[in-house]
Amino acid sequence: MAEQDNNIFYERINKFIAAHGKIARRTVDEFLLQGRISVNGITITEPGTKINPFKDKVYVDGELVKTDNKKVYIILYKPEGVISSVSDEKRRKTVVDIIKTKERIFPIGRLDYDTTGILILTNDGELANKLMHPKFKIEKTYITNLSRPLEEKHKLKLIDGIVIEGKRTSPCKIAFPDRHNFSTVKITISEGRNHQVKNMFEHYGYYVRKLHRSEYAGLNLKGLKPGEWRYLTAVELNSLTKK
Ligand code: URA
């Protein structure tokens, strides 16, 4: 299964070679044991080894395993009840199952199973790694439905940054789209820690009933319904690569 930490994708070497080299995964495992596979010049024998599919150079019998060269960029309106990865051990539906392309795409970052909204998927690892790197402070805007109205004192603390799991959150923006309803909160953050928005509100005892990402890096879901997707336009792509 492919994974991503804060800013890098990793994939199991046997899966990577099976997909790109069109070799059965079991055969790949045998090749590994026979010492026929190397990564960046080092022989690898362990099938569970994880590699960065966009950076590492993988060789079978000295021949480079080539990856896709046509880059695709997709915007998806992620519906509820879909997992943001390429495969799932529990066989739940993934965002990649929704999208019919022959390229091997990955989501840039994650949305929780029950979170809806904008998700960008691509096979361009360089752009993905860049957009996920904290240094670029890519803005993500969420609309949250809280279990009770957000109090002003908590709003101010959250804007300044609070300590979650020993690490301070960066300053963020908070607004109320409906000035008569303080339980619906628009929050813009520029980091992407796991469950960050839920954890921020839960820190002060607010339960996030609904979470929807309405914007990512200046892009929005205009014209798409839940479960729909399309390729990014040249203008949209340009705006991402310029970040
Ligand atoms: N923050 C969360 O808590 N969940 C998401 O899905 C995205 C951001």
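Counting begins at 1 with the first residue of the sequence. Atoms within a ligand are numbered from 1 in the order they appear, just like the ligands themselves.
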Practice problem: Spell out, as yes or no, whether a donor-acceptor pair under 3.5 Å connects the side chain of Asp97 to the backbone of Thr94. | Solution: yes
Exercise. Anything under 30° is parallel, anything over 60° is perpendicular, the rest tilted; go ahead and classify His154 against Tyr204.
Key: parallel
Practice problem: Provide the number and element of each atom of ligand 1 under 4.0 Å from a heavy atom of Tyr142. | Solution: 7 (C), 8 (C)
Quiz item: Does the N or O separation between His195 and ligand 1 drop below 3.5 Å for any pair?
Solution: yes
Quiz item: Which of the atoms of ligand 1 are close to Asp112, meaning less than 4.0 Å from one of its heavy atoms?
Solution: 2 (C), 3 (O), 4 (N), 5 (C), 6 (O)
Practice problem: Could you see which bit of Val208 sits under 4.0 Å from ligand 1, with heavy atoms only: side chain, backbone, both or neither? | Solution: neither
Quiz prompt | Polar side-chain atom of Lys210 near backbone of Thr116 as donor-acceptor pair, under 3.5 Å | solution = no
Quiz item: Using 30° and 60° as the class limits, which term best fits the ring planes of Phe16 and His20: parallel, tilted or perpendicular?
Solution: tilted
Quiz item: Looking only at atom types and distance, does a side-chain atom of Thr141 sit under 3.5 Å from a main-chain N or O of Ser214, one as donor and one as acceptor?
Solution: no
Quiz item: Under 4.0 Å from any heavy atom of Leu211, which atoms of ligand 1 are there?
Solution: 1 (N), 2 (C), 3 (O), 4 (N), 5 (C)
Self-check item: Under 4.0 Å to a heavy atom of Thr115 - the qualifying atoms of ligand 1, by number
Solution: 4 (N), 5 (C), 6 (O)
Quiz item: Has the side chain of Lys78 got a donor or acceptor atom that lies under 3.5 Å from a matching backbone atom of Asp112?
Solution: yes
Quiz item: By number and element, which atoms of ligand 1 are closer than 4.0 Å to a non-hydrogen atom of Lys198?
Solution: 2 (C), 3 (O)
Quiz item: Under the 3.5 angstrom rule, does the side chain of Ser147 hit a backbone N or O of Tyr207 as a donor-acceptor pair?
Solution: yes
Quiz item: Short list, please: which atoms of ligand 1 are under 4.0 Å from a heavy atom of Gln196?
Solution: 1 (N), 2 (C), 3 (O)
Exercise. Could you check atom 1 (N) of ligand 1 against the protein and tell me its nearest heavy-atom contact, residue, atom and distance included?
Key: Val197 N, 3.1 Å
